[in-house]
Amino acid sequence: MPKPRPFILILIATTCIANAGAGDVPLPQEPAQEAQPASFPGEWQLLHASIGVSAMHMQLLPGDFVLMFDRTDMGPSNISLAAMAPCAPTADGADCTAHSVLLDLRSNVLHPYPLATNPWCSSGALLPNGTLLQTGGFSNGDRVARLFSPATGWVELPSFLAARRWYATDMILPDGRVIVLGGRRQFNFEFFPHDDAAPALTFFPFLDETTELDAEDNLYPFLHLLPDGTVFVFANDRAVVFDPYNRAPLRRLPAIPGGVPRNYPSSGSSVLLPLSPDAPEHAEVLVCGGAPRGAYHLALRNATFVPADRTCARIAPTDRDPAWAIEEMPLARVMGDMVLLPTGDVLIVNGAAAGTAGWELGREPVTRPVLYRPDAQLGARFEALAASAIPRMYHSSATLDTYGRVLVGGSNPHVGYVFANATYPTELSLEAFLPPYLDAWLDGARPRVLAAPGEVGYGEATAVRFEVTAPSGAAAAAGVAAGEVRVAAVAPAFVTHSFGMNQRVVELAVGRVAQLDVGVYEAEVAAPPTPGVAPPGYYMWFVVHAGVPSCAAWVRMRPLGPVP
């Protein structure tokens, strides 16, 4: 642990969805009073039968808000703008409905916001100050940068982008800048804010090399920031690592065996696996699902929907000689979303078992999420969980919230809103999936955060205060006596088209855990060591006790210097 420095803990007022508490050592125990039930497969809850729009894009914001939006060229949505809000001009006149909504997680209340330009198939990143940067889209929105916060709503920066960005990817860098890479027929990248001392655009030949005639299969490339500040870029079936500051490629990684494309429209998904304080320089990337080469054309031209891929490929790009290791999911999946959980596990949810992304091109919804445990033994890492009753096909999304739930919304495989006479109608509902750790039987072991720092600097020593309710027999059986305490910092993702941009879990080093009162504890915690490990900005800090996470506290990683 680094040398302690003075720090301020901010008292947290939490209202957890599942009874939340926070845990430590040694805890009082009671004898077991009931037998442990069979493994909890998770649970689905309907939060809203309709949010008014189809959640094609989703971003969790500091303060426990979730922004969801679709397109402005689909016709009127099912939620009206406030009486005084301006109507957005469309080809048919003024559309006085909202195409973006903000959900207040604490009250479950929706607030509509007007959108002036079209963000269809756009990209985004949360800036260090907590504002969402949202880039590109279609038609009048393809060169627009937008800023969003609950207080200001949408603020547009017309013609800010040096190239049209449709199906691009955004990623925050260690200095707080955002790289905007790719998009349809855009084999280049640029930065937000602009770098006036350098060319506006930098050619990125890897995207040119990985594009396929007509099908492309390299849109929405998977970008992951590695701990040394370099960038892992995956497109089609292969990857490179490059230096964004010198704008230079560093090395090529081997292609995934089998040749299956993993990017849009053969949409698989990808995550950077959680970073450990024991080896912060080590990083692993997981890529799952996709569609066989040629699947897009078979679906588009012949209405032939070939089975999706069922493999996951895992690689450590920071190793000297990285190589892909292949695993097989229990369910084949295309258009799935991968969500990092505070326990370090990965939830794979949404999508189809046949076809590809694109209008009307997917079949056989996969309604059962799958849990992937990265640290389990090979062959025992996957577990299929409880199924939803709602198909989530093309244009669906999923993200972790501060309560540890996974919010799931969207699904619209049509050009417009289609609610009848369709195999998979436009879906406006919003669900929450409760992973196995939200089993009520574990509530006795569940931590509740009482105080956490509002802001920390890199490598600083700080503390998190939490409580654990008096454990029942169920909690004791779950391992409360062991007193295992971990703290995970989770960066919220901008989610669209099966990829969570900037999604990240950093496990923090935990030192001494002291008991302050009955059931109340304080854990010494070391903040992430560098901005390569954790870029500046807002993170959800979860206390995880005996494998059971708390609700999260928002903590800001302070930039090393002024953000450009």
Could you give all pairs that pass the ring pair (Phe, Tyr, Trp, His ring centres under 6.0 Å) test and reach residues 95-117, with sequence neighbours left out? Tyr113-Phe148
Verify, without hydrogens or angle tests, whether Asp170 (side chain) and Val180 (backbone) share a donor-acceptor contact under 3.5 angstrom. no
For Ser388 and Thr367, what are the C-alpha separation, side-chain angles and deciding distance, and is it a side chain to side chain donor-acceptor pair (under 3.5 Å)? CA-CA 5 Å; Ser388 170; Thr367 57; over 6 Å; no
Salt bridge (Lys or Arg N to Asp or Glu O under 4.0 Å) involving Arg143 - partner list, sequence neighbours excluded: none
Look at the side chain of Ser267 and the backbone N and O of Met335, then say whether any donor-acceptor pair between them is shorter than 3.5 Å. no
What is the distance from atom NE2 of His57 to atom CZ of Arg71, rounded to the nearest 0.5 Å? 9.5 Å
Would Arg184 and Asp142 count as a salt bridge (Lys or Arg N to Asp or Glu O under 4.0 Å) here? Give the steps. CA-CA 11 Å; Arg184 178 155 286 167; Asp142 61 7; over 6 Å; no
Would you please name every residue forming a side-chain contact (heavy atoms from CB on, under 4.5 Å) with Leu560, sequence neighbours left out? Tyr458, Pro531
Is any side-chain heavy atom of Val285 less than 4.5 Å from a side-chain heavy atom of Ser270? yes
Please list all pairs passing the salt bridge (Lys or Arg N to Asp or Glu O under 4.0 Å) test where one or both residues lie in residues 118-136, with sequence neighbours left out. none
Run the ring pair (Phe, Tyr, Trp, His ring centres under 6.0 Å) test on Tyr539 and Trp554 for me, step by step, so that the C-alpha distance in whole Å, both residues' side-chain angles and the decisive distance to 0.1 Å come before the verdict. CA-CA 6 Å; Tyr539 290 76; Trp554 286 101; 9.1 Å; no
Taking the six-membered ring for Trp, are Phe204 and Phe206 parallel (under 30°), tilted (30 to 60°) or perpendicular (over 60°)? perpendicular
Once the angle between the rings of Phe222 and Phe234 is folded into 0 to 90°, is it parallel (under 30°), tilted (30 to 60°) or perpendicular (over 60°)? parallel
Contacts of Arg333 meeting salt bridge (Lys or Arg N to Asp or Glu O under 4.0 Å) (sequence neighbours excluded), chain-then-number -> none
Is there side-chain contact between Glu431 and Val406, with at least one heavy-atom pair below 4.5 Å? no
State which residues pass ring-ring contact (aromatic ring centres under 6.0 Å, His included) with Trp541; sequence neighbours excluded, sorted by chain then number. none
Audit row: Phe160, His194, ring pair (Phe, Tyr, Trp, His ring centres under 6.0 Å) steps and yes/no: CA-CA 9 Å; Phe160 179 90; His194 291 148; 3.9 Å; yes
Tyr538: which residues meet the ring-ring contact (aromatic ring centres under 6.0 Å, His included) condition with it, sequence neighbours left out? none
Who passes side-chain contact (heavy atoms from CB on, under 4.5 Å) against Thr211, sequence neighbours left out? Phe187, Asp208, Glu216, Asn218
Any residue meeting ring-ring contact (aromatic ring centres under 6.0 Å, His included) with Phe542, in chain and number order, not counting sequence neighbours: none
Across all chains, not counting sequence neighbours, the ring-ring contact (aromatic ring centres under 6.0 Å, His included) partners of Phe419 are none
Show every side chain to side chain donor-acceptor pair (under 3.5 Å) that has at least one partner inside residues 491-505, sequence neighbours left out. His395-His497
Tested for ring pair (Phe, Tyr, Trp, His ring centres under 6.0 Å) against Tyr167, the lone hit among Trp120, Phe499, Tyr220 is Tyr220
Could you check Val339, Leu60, Leu47 and say which one makes a side-chain contact (heavy atoms from CB on, under 4.5 Å) with Leu407? Leu47
Do Arg262 and Asp217 meet the salt-bridge criterion of a basic N to acidic O distance under 4.0 Å? no
Pairs touching residues 151-163 that satisfy salt bridge (Lys or Arg N to Asp or Glu O under 4.0 Å), sequence neighbours left out: Arg146-Glu156
Step by step, would you call Tyr264 with Tyr296 a ring pair (Phe, Tyr, Trp, His ring centres under 6.0 Å)? CA-CA 10 Å; Tyr264 183 92; Tyr296 176 73; 7.6 Å; no
Heavy-atom check, side chain of Asp337 versus side chain of Ser396, under 4.5 Å: yes
